[in-house]
Protein chains: 2
Amino acid sequence: MSRAEALSPARLKDAAPLFAALGDATRLGLLVSLCSGGPLTVTRLSGQFDVSRQAITKHLEVLSEAGLVKSARHGRERIWTFEPKRLEDAHQYLERLSREWDVALDRLKAFVET
Amino acid sequence: MSRAEALSPARLKDAAPLFAALGDATRLGLLVSLCSGGPLTVTRLSGQFDVSRQAITKHLEVLSEAGLVKSARHGRERIWTFEPKRLEDAHQYLERLSREWDVALDRLKAFVET
DNA sequence: AAAAAATGCAACCAATGGGTTGCGTCATTC
DNA sequence: GAATGACGCAACCCATTGGTTGCATTTTTT
């Protein structure tokens, strides 16, 4: 991948929904629970928050569409697990942004010094 | 700061609006523009997107409240600049999450091996 | 086979978000 | 000093979001 393509509009459209999924306190809480508390069911998860089970289900679906969690039926219950891959994408995106910023600063510095 | 406090609910409430501000393609685009294109005015910025100037103003205010951009009046125009500090916060938050995940994996591994 | 547990599904509701248009204000420039 | 340019403010609109309640469905469990 070329440096110039690092922050293309295509990547913006990819990164935005990912950050949007992270942009809710309850969903971040769910991620932390699944992260450190291991795979869990909806009913157990909803016990840790003061919203209904159905609300938690919706949040988990949002996280799922963003690729941050995964679920699997197991008998009568559905087990949700954290999915670290997309987190790395978000991480890389922030990295590229701050790198772009550093490059700009260097350009400015070079310009001032000449 | 203790490790146990690294992902406290207080931090969730702090991180959520930050990610929410990043969770929109137009706003990410604005950040990229301000990042690599240097400080700009609203009208110049809105020329780069196919939404109205007023819409861009709203987006910039969201970014501003999240601490991702800063503005200063200069004569009849207002100059917007990128603010890298809060980006570092977001970065650190993701870092803590994935570290929490690694710790959990290690715990699991230790448990399986005994 | 009946009760209980875990989830799915749908309707509904209030608030927020992203967008618009219209107009007023203030600094510049001619 | 009058036109222009950049911006602020407010009202309004529609779609989305986060939440609820109620009830149906599917596995367990007893």
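Letters A, B, ... are given to chains in the order of the sequence lines, protein chains preceding strands, and every chain is numbered from 1.
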Notebook entry, point to check: Hey, does the side chain of B:Thr26 come within less than 4.0 Å of C:dG18's phosphate (OP1/OP2), counting only N and O?
Noted result: no
Next item on the list: Would you please confirm or rule out a distance under 4.0 Å between OP1 or OP2 of D:dG5 and any side-chain N or O of B:Thr43?
Entry: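 Looking at the OP1 and OP2 atoms of D:dG5, neither is under 4.0 Å from any side-chain N or O of B:Thr43.
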Notebook entry, point to check: CD1/A:Ile56 to NZ/A:Lys58 distance, rounded to the nearest 0.5 angstrom?
Noted result: 12.0 Å
Note to self: Distance check, rounded to the nearest 0.5 Å: A:Arg86 atom CZ versus A:Gln92 atom CD?
What the structure shows: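 Answer for the CZ-CD pair, A:Arg86 versus A:Gln92, is 11.0 Å.
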Starting at atom [atom1] of [X], determine the distance to atom [atom2] of [N], rounded to an integer number of angstrom.
{"X": "A:His74", "N": "D:dT28", "atom1": "NE2", "atom2": "P", "answer": "9 Å"}
{"X": "A:Glu77", "N": "C:dA5", "atom1": "CD", "atom2": "C1'", "answer": "9 Å"}
{"X": "B:Arg73", "N": "D:dG5", "atom1": "CZ", "atom2": "C1'", "answer": "12 Å"}

Notebook entry, point to check: Are B:Leu31 and B:Ile79 linked, directly or through other ILVMFWY residues, by side chains that come within less than 4.5 angstrom of each other?
Noted result: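 No, no single cluster joins them.
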Notebook entry, point to check: Which one, C:dT7, D:dC7, C:dA5, comes nearest to the side chain of A:Thr41?
Noted result: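 Of the candidates, C:dT7 comes closest.
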Next item on the list: Examine distances only and state if a side-chain atom of B:Ser33 and a backbone atom of B:Gly29 form a donor-acceptor pair shorter than 3.5 Å.
Entry: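 Yes, because the side chain of B:Ser33 sits within donor-acceptor range (under 3.5 Å) of the backbone of B:Gly29.
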Item checked: Nucleic acid contacts - residues 46-66 of chain A versus DNA chain D, non-hydrogen atoms under 4.0 Å -> A:Val51, A:Ser52, A:Gln54, A:Ala55, A:Lys58, A:His59
Note to self: Please classify the nucleic acid contact of A:Arg44 as base, sugar-phosphate, or nothing, using heavy-atom distances under 4.0 Å.
What the structure shows: nothing
Check: Hey, mind stepping through A:Arg53 and A:Thr43 against side chain to side chain donor-acceptor pair (under 3.5 Å) and telling me if it holds?
Finding: CA-CA 6 Å; A:Arg53 169 182 60 85; A:Thr43 31; over 6 Å; no
Note to self: Reading DNA chain D from 5' onward, which residue's closest nucleotide shows up sooner: B:Arg78 or A:Arg27?
What the structure shows: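 Result of the comparison: B:Arg78.
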